[in-house]
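Quick notes on the structure that follows.
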Amino acid sequence: MIRFHNTLSGREEEFQPLDPGEVRVYTCGPTVYDLPHIGNFRAYVFEDLLLRFLRYSGFKTVQVMNLTDVDDKTIRGARASGVSLREYTEPFVRAFFSGLALLRIRPADHYPRATEHIPEMVAIIKGLLDKGVAYRKDGSIYFSIEKFPAYGRLSGINPDDLRITSRIGARLESDEYEKDSARDFALWKAPREGEPSWETDIGPGRPGWHIECSAMSSKYLGPSFDIHCGGVDNIFPHHENEIAQSEAYFEKPFVRYWLHCHHLVVDGEKMAKSKGNFYTLRDLVEARGVDPSALRMFLVGTHYRKVLNFTLESLEQSAAALKRIKDFVYELENRIFPAAKTDASLDLIACAERTFREGMEDDLNVSAALTGLFDLIRKANPLIQGKKIGLNEAKRLLDFVYRVDEVLAVLPERRDLEISDDLRAKIEERERARKSRDWAAADRLRRELLENGVVLEDTKDGVRWKIEKKTGSN
RNA sequence: GGCGCGGUACCCAAGUGGCAAGGGAGAGGUCUGCAAAACCUCGAUUCGCCGGUUCGAAUCCGGCCCGCGCCUCCA
């Protein structure tokens, strides 16, 4: 039984999809106004883990992730650079997708862009106007919160309190759009000089921020679907407003399970460019040579509802933990196993799989799930050394690790394990040196190989090698 | 002010009433030309603090301290 913590109830609930066997998921995607940072990727990795686990559990999945390519920040950026919105956002879209690939995040089924779904948004806004839930003012259109009694249910915010605090009050006064009530939010913004604008049935202008998600989720997943994810900062106002728009328009329950991941902080503090602790994926991977799979191990390793503290030390620890798994796989793939059939580890596999599954079923408790894998490694290694594992069983152990990795996706893909002919020749040269007991030459060659990320291991059956990437602490 | 998350060993981190998982780092050992990997051993008489409930509390209740996040366009 899978259980998820549902923001709507504040509790863990048993998960049951609307349609048995298929899960429909909407995941909040990037606003493409800048290079994505590692905090953004924490959310995408969490969502990937969720989708992978649902598939591991036998569900078919349909995932939608939006690309917000028109909003205040993209417009501001495009104006500042003197290019069109499309030209401005395109490099950030590409950076986003290349980051997904680096972190082995499986592509969603749909990546709808806000700018390509204006008619769908207009249809909903028009409907909301017809129902009297939305109103026009100075060329803009607003959603009237008082017409939607359930407003505040997701975030636990009482709409009456919204205008009270001085902090919010100050911001509301500075809002340049006029509304009936300070608490109402924009569905459609009147055209302004120098801003992109669309000619539509509801008049010229551009969409507000929240409406794209209501329009695009219903288009690809229907008005009611199973899971909606995002960062905790989206709970209010973004997701609260989505619920209001979608349910007011379709008059059906919008989303069954809301899953929100917490933020990533760096050295215990919120990431901010002004603090100098701001990392994009590119900073880490290209400039610091961080192994993306170690970064994924780090991002995946802490429960999604806990604040994740990124430090270079914790990244190294994740890399070391990952190395233990990789070394186990390496043993299974490179050792010569006896052909005799054995079954010494079958119980271990069954037990590990159960621990893994039960951990993940408990609201994606990865720490508990990983215990299954590490316990198996600790118990299987002595069996391997004691030659109690046959070829048939080695394969079953390997299958298990790769089955788990279908969910975690932290092991390197096979093509990463190839090395150049040059390095291969060097390995052979060292073997010759070693055979002639020229230890100085052998050690020098091994050092050179190490500098190229190739680690050698001398065994009774001859030398073997593996690739080890840096973690980036240097 | 409101909402929320957290405080468990040197570090990361599970554990929500019955002897405190797991990983990393460290120390000692086995193996080895040297390494690497692997294995063995060691490591919290105690879970932020103070009370209470209970045969029994990291876990339940009350109070307090500390850190962090969000609160109109941040994942």
Side-chain angles (χ1 to χ4, degrees), chain A residues 7 10 27-31 33-34 36-47 68 71-73 152 155-158 161-162 164-168 171-172 174-175 177 182-186 208-210 229-238 240-241 260-265 268-272 297-298 301-303 305-309 311 313-314 316-325 327-328 330-331 355 359 362 365-375 377-378 381-382 384-386 434 437 439 442-443 446-447 450 455-460 463-466 468:
Chain A
T7 308
T27 48
C28 269
T31 301
Y33 71 104
D34 201 353
H37 56 69
I38 53 173
N40 299 124
F41 283 110
R42 185 205 187 175
Y44 309 141
V45 165
F46 146 64
E47 287 152 1
T68 300
D71 81 316
D72 289 356
K73 282 177 299 201
S155 54
I157 283 172
N158 178 356
D161 293 339
L162 271 181
I164 291 172
T165 68
S166 56
R167 201 177 143 203
I168 288 178
R171 288 212 200 171
L172 290 173
S174 67
D175 195 314
Y177 293 91
R183 304 164 302 168
D184 293 343
F185 60 91
W209 175 37
H210 317 292
C229 307
V232 285
D233 54 323
N234 279 151
I235 295 172
F236 187 85
H238 185 51
E240 194 72 70
N241 291 351
H260 291 99
C261 79
H262 223 299
H263 277 165
L264 176 147
V265 298
E269 288 190 312
K270 182 178 173 160
M271 244 195 316
M297 183 75 186
F298 168 74
T302 295
H303 187 88
R305 280 191 294 114
K306 285 187 81 168
V307 174
L308 177 59
N309 186 16
T311 63
E313 190 194 348
S314 57
E316 270 175 51
Q317 290 187 7
S318 297
L322 175 58
K323 183 170 176 296
R324 183 158 167 84
I325 303 172
D327 283 331
F328 181 63
Y330 184 77
E331 283 297 323
T355 304
D362 179 20
N365 187 339
V366 184
S367 304
L370 277 174
T371 300
L373 179 59
F374 283 116
D375 277 342
I377 292 173
R378 202 182 59 247
N381 266 324
I384 292 172
Q385 288 207 322
R434 213 163 70 89
R437 306 181 84 75
W439 306 129
D443 288 351
R446 180 167 57 194
R447 230 174 8 253
L450 187 62
V455 177
L456 298 183
E457 296 188 357
D458 300 321
T459 73
K460 289 188 179 65
V463 69
R464 55 188 203 184
W465 53 265
K466 57 190 176 188
E468 252 154 50

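All figures in this text were calculated on a predicted structure; none of them were measured in a lab. Below, read A as the first sequence line, B as the second, and so on, with proteins coming before strands; counting in each chain starts at 1.
Looking at heavy atoms from C-beta onward, A:P237 lies out of side-chain contact with A:F185 at the 4.5 angstrom threshold. A 4.5 Å side-chain heavy-atom check between A:D458 and A:R446 finds at least one atom pair inside the cut-off. Counting heavy atoms from C-beta outward, A:M297 and A:L370 have side chains that approach closer than 4.5 Å. Side-chain contact between A:R42 and A:H262 is present, with heavy atoms from C-beta onward closer than 4.5 Å. You'll find the side chain of A:D72 stays beyond 4.5 Å of the side chain of A:W209, heavy atoms only. Counting heavy atoms from C-beta on, the side chains of A:L308 and A:F298 come closer than 4.5 Å. In this structure, the side chains of A:D375 and A:T355 stay at 4.5 Å or more apart for every pair of heavy atoms.
Heavy atoms of A:H260 sit nowhere under 4.0 angstrom from any nucleic acid atom. Residue A:R324 is in sugar-phosphate contact alone, with no base atom involved, counting any heavy-atom pair closer than 4.0 Å across all strands shown. At the heavy-atom level, A:G268 lies under 4.0 Å from the strands shown only through sugar-phosphate atoms. In this structure, A:I235 reaches neither bases nor backbone, as no heavy-atom distance under 4.0 Å exists between it and the strands shown. Counting non-hydrogen atoms under 4.0 angstrom, A:L373 reaches nothing in the nucleic acid. A:D458 comes within 4.0 angstrom of a base, heavy atoms only. Counting non-hydrogen atoms under 4.0 angstrom, A:D327 reaches the backbone sugars and phosphates but no base. Among the heavy atoms of the strands lying under 4.0 Å from A:E331 are primed sugar atoms or P, OP1, OP2 only; no base atom is included. Residue-level contact check: A:G39 touches the bases, meaning some heavy atom is under 4.0 Å from a base atom. Residue-level contact check: A:S155 touches the backbone only, with heavy atoms under 4.0 Å from sugar-phosphate atoms and none from bases. Contact annotation for A:T31: backbone-only contact, meaning every heavy-atom pair under 4.0 Å involves sugar-phosphate atoms and none involves a base.
A sub-4.0 Å separation between OP1 or OP2 of B:C40 and a side-chain N or O of A:R378 is absent. OP1 or OP2 of B:G15 has at least one side-chain nitrogen or oxygen of A:N365 nearer than 4.0 Å. Contact check, A:N381 against B:C39: a side-chain N or O comes under 4.0 Å of OP1 or OP2. For the pair A:K306 and B:G69, the criterion of a side-chain N or O lying under 4.0 Å from OP1 or OP2 is not met. For the pair A:S367 and B:C12, the criterion of a side-chain N or O lying under 4.0 Å from OP1 or OP2 is not met. In this structure, A:R42 does not reach the B:G69 phosphate: none of its side-chain N or O atoms is under 4.0 Å from OP1 or OP2.
Residues A:R447 and A:D443 are not paired through a salt bridge, judged by the lack of any N-O separation under 4.0 Å between the basic side chain and the carboxylate.
Atom OH in A:Y330 sits roughly 15 Å away from atom P in B:A36 (whole-Å rounding). Distance, A:N234 CG to B:C5 P: 18 Å, rounded to whole Å. Separating the CZ atom of A:F328 from the P atom of B:G24 is a distance of 14 Å, rounded to the nearest angstrom. Following rounding to the nearest Å, A:K270 (NZ) and B:G4 (P) show an atom-to-atom distance of 19 Å. For the pair A:M271 CE and B:C70 P, the interatomic distance rounds to 11 Å; values are reported in whole Å. Put simply, NZ on A:K323 is 9 Å from P on B:A36, counting in whole angstrom units. The distance between atom NE2 of A:H262 and atom C1' of B:G69, rounded to the nearest whole Å, is 5 Å. Across the protein-nucleic acid pair, A:R464 atom CZ and B:A38 atom P stand 10 Å apart, rounded to whole Å.
Under a 3.5 Å cut-off, the side chain of A:E47 and the backbone N or O of A:T27 do not form any donor-acceptor pair.
For B:G29 and B:A36, the P atoms lie 14 Å apart once the distance is rounded to whole Å. When the C1' atom is compared between B:C12 and B:A44, the two are found 15 Å apart, to the nearest whole Å. Nucleotides B:U59 and B:G67 have their P atoms positioned 23 Å apart, rounded to a whole Å. Straight-line distance between the C1' atoms of B:U16 and B:A27: roughly 35 Å, to the nearest whole Å. Atom name C1', nucleotides B:G43 and B:A9: the rounded distance is 8 Å, in whole Å. Using atom P as the reference point in both B:A58 and B:C49, the two lie 11 Å apart (nearest Å). Only the P atoms considered, B:G56 is 36 Å distant from B:C3, to the nearest whole Å. Spacing of C1' atoms, B:A25 relative to B:C10, comes out at 8 Å, to the nearest Å.
Ranked by how close their nearest RNA chain B nucleotide is to the 5' end, A:S314 and A:A321 are led by A:S314. Between A:P30 and A:T371, the residue whose closest nucleotide on RNA chain B is further toward the 5' end is A:T371.
Under the 30°/60° scheme for interplanar angles, the aromatic rings of A:H238 and A:H210 are found to be tilted.
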| said: Does A:L264 form a side chain to side chain contact (heavy atoms under 4.5 Å, CB included) with A:H37? I'd like the steps, not just the answer. | reply: CA-CA 10 Å; A:L264 176 147; A:H37 56 69; over 6 Å; no

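Minimum heavy-atom separation, A:S367 to A:G301: OG-O, 3.6 Å.
Applying the 3.5 Å distance criterion, the base of B:A36 shares no donor-acceptor pair with the side chain of A:R446. Not a single donor-acceptor pair, N or O on each side, falls under 3.5 Å between the base of B:C68 and the side chain of A:N309. Judged by distance alone, with hydrogens and angles left aside, A:Q385 brings no side-chain donor or acceptor close enough to the base of B:C39 to form a pair under 3.5 Å.
Side chain of A:D362, nearest nucleotide from B:A37, B:C11, B:G15: B:G15. Nearest nucleotide to the A:W439 side chain, out of B:A14, B:G33, B:C68: B:G33. Side-chain proximity of A:V307 to B:A37, B:C68, B:A75: nearest is B:C68. Comparing B:A75, B:C11, B:A36 against the side chain of A:E313 picks out B:C11 as the nearest. For A:F236, whose side chain is taken as the heavy atoms from C-beta onward, the closest listed nucleotide among B:A75, B:C39, B:U72 is B:U72. Among B:G33, B:A37, B:G22, the nucleotide with an atom closest to any side-chain atom of A:F374 is B:G22.
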| task | Dot-bracket for RNA chain B, please, read 5' to 3', with Watson-Crick or G-U wobble pairs under 3.5 Å on both distances, ( ) within the strand, [ ] crossing, | other strand, . unpaired. | result | ((((((((.[[[..)..(...]]].(((((.......))))).....[[[[[..)....]]]]])))))))....

